[in-house]
Amino acid sequence: MSLARMLQLAVCVVCVDLAGCASIPAGKLEALKTSTQSVHQSTVDTYARIERFQRRFVVTTLPDAPIARDAFKPKIGGQSFDLVPALRLRESAIEVLAKYTALLHALATKDYASDIDAASQELAASIQNLRKIPGGVASEVDSKGLNALSAVVDSIGRALMDYKRREALRQAMDLAQGDLEKIASLIARSNDRIRDAARIMADRILAHANAARPPYASRERVAFDNNVAEFLAESEDVEAALGAINSAAAKFPAAHSEIRQALDERATSLEALKSLIQEAQRARKFYQGLGTTKG
């Protein structure tokens with residue numbers, strides 16, 4: 001047997017593809033994983049800033065009255081407008097996407113069952129965390145609670161037993177597509193409402209800043225205006241980041257579908273994957289070099 005033939009057979013064994021020796025699109029899966037993880041981190045960063053906006057808004061608009069224990073709870077007219085539960089739900093939803101893509105990448109590239117099993121268990125834990133959020137996944141994502149994504153975890157476990165790596169990727173991606181579309185839709189449509197709420201808070205904070213602005217040419221005014229300028233710059237970046245996160249979430253199902261087609265060696269332009277990568281990069285750049293916002 002020639003050396004070239006021996007190397008070819010060795011590659012087939014590594015790929016563990018019982019249907020043939022066609023390559024698994026590991027590079028594309030790595031790009032999907034990296035971009036989704038970047039979008040997840042951008043979401044965490046952006047939502048943390050929105051929480052600070054909410055806290056600053058509450059303090060800025062506090063009525064002239066004695067401070068009670070619940071004085072700093074986010075309320076308007078006695079009604080709560082706390083954004084934190086909605087932010088936590090969406091953070092958990094996009095974490096599921098990040099863990100899922102990490103699992104696909106591990107299945108495509110890792111040589112050890114323990115690595116794949118660890119990624120599988122992390123996805124399972126993320127799904128459970130998302131399910132536990134009160135009034136969250138059942139009402140906003142799927143009444144069945146992401147059963148298809150849970151089945152992905154089981155199918156990967158079976159794949160580890162019989163080593164059908166390529167077929168396991170096909171089955172997992174087919175199973176997951178519907179749930180991924182629901183999660184992506186939740187993130188994309190709801191970030192518009194979160195952006196509108198952040199814009200309203202920023203406008204109210206600005207109005208109070210104008211009312212409390214120190215006299216012109218005073219030392220106090222320079223420091224005051226600098227603080228407001230930093231806040232407005234971050235407010236603009238938050239809006240832009242939310243737009244990029246929306247676009248990335250909207251592109252995710254199509255990018256996932258493109259890579260699934262590549263498993264069957266069907267021609268695909270990968271335009272959705274390219275757009276997802278671009279939006280992930282755009283979401284991250286808004287905080288490069290931006291100092292910690294005061295407030």
Which residues pass the side-chain contact (heavy atoms from CB on, under 4.5 Å) test with [X], sequence neighbours left out?
| X | value |
| --- | --- |
| V59 | F72 |
| A209 | F224, V228 |
| A184 | P253 |
| E95 | H40, K99, S126 |

Got a donor-acceptor contact below 3.5 angstrom from the [X] side chain to the [Y] backbone?
| X | Y | value |
| --- | --- | --- |
| S275 | E271 | yes |
| R284 | A280 | no |
| R204 | I200 | no |

Legend entry - Aromatic F231 / basic R56 pairing, under 6.0 angstrom, 45° off normal: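 Here R56 passes the 6.0 Å and 45° test against F231.
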
Does any non-hydrogen side-chain atom of [Y] lie less than 4.5 Å from one of [X]?
| X | Y | value |
| --- | --- | --- |
| I94 | R90 | no |
| R213 | D225 | yes |
| E51 | R88 | yes |
| F252 | T101 | yes |

Legend entry - Nearest heavy-atom neighbours spanning M201 and I50: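 Smallest heavy-atom distance, with atoms named: CE-O, 4.3 Å.
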
Legend entry - Taking every non-hydrogen atom, the tightest pair across A255 and L32: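 Scanning both residues, the minimum pair turns out to be CB-CD1, 4.2 Å.
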
Taking side chain to side chain donor-acceptor pair (under 3.5 Å) as the test, write out the residues that go with [X], two or more places apart.
| X | answer |
| --- | --- |
| E30 | none |
| Q54 | D82 |
| R221 | none |
| D70 | K75 |

Inset, instruction - Quick one: which residue pairs count as a ring-ring contact (aromatic ring centres under 6.0 Å, His included) with a foot in residues 85-104, not counting sequence neighbours? - result: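 Every ring-ring contact (aromatic ring centres under 6.0 Å, His included) pair that includes a residue of residues 85-104, provided the two are not neighbours, is Y100-H256.
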
Under 3.5 Å, which donor-acceptor pairs link side chains of residues 238-250 to any protein atom two or more places apart or in another chain?
from	atom 1	to	atom 2	distance (Å)
E239	OE1	R199	NE	3.4
E239	OE1	R199	NH2	2.7
E239	OE2	R199	NE	3.2
N246	OD1	N191	ND2	2.9
N246	ND2	A188	O	3.2
N246	ND2	D192	OD1	2.9
S247	OG	G243	O	3.2

Inset, instruction - Applying salt bridge (Lys or Arg N to Asp or Glu O under 4.0 Å), name anything that partners D264, two or more places apart in sequence or on another chain. - result: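 D264: salt bridge (Lys or Arg N to Asp or Glu O under 4.0 Å) contacts with R170, R260, R266.
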
Inset, instruction - Kindly compute the distance separating CG (L263) from NZ (K28), expressed to the nearest 0.5 Å. - result: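 Answer for the CG-NZ pair, L263 versus K28, is 9.5 Å.
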
Inset, instruction - Enumerate the residue pairs fulfilling salt bridge (charged side-chain N to carboxylate O under 4.0 Å, His left out) with a member in residues 240-253, sequence neighbours excluded, ordered by first and then second residue. - result: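 Listed by first then second residue: nothing to list.
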
Legend entry - Short side-chain donor-acceptor distance under 3.5 Å, Q37 and Q41: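 Looking only at side-chain atoms, Q37 and Q41 do not form any donor-acceptor pair under 3.5 Å.
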
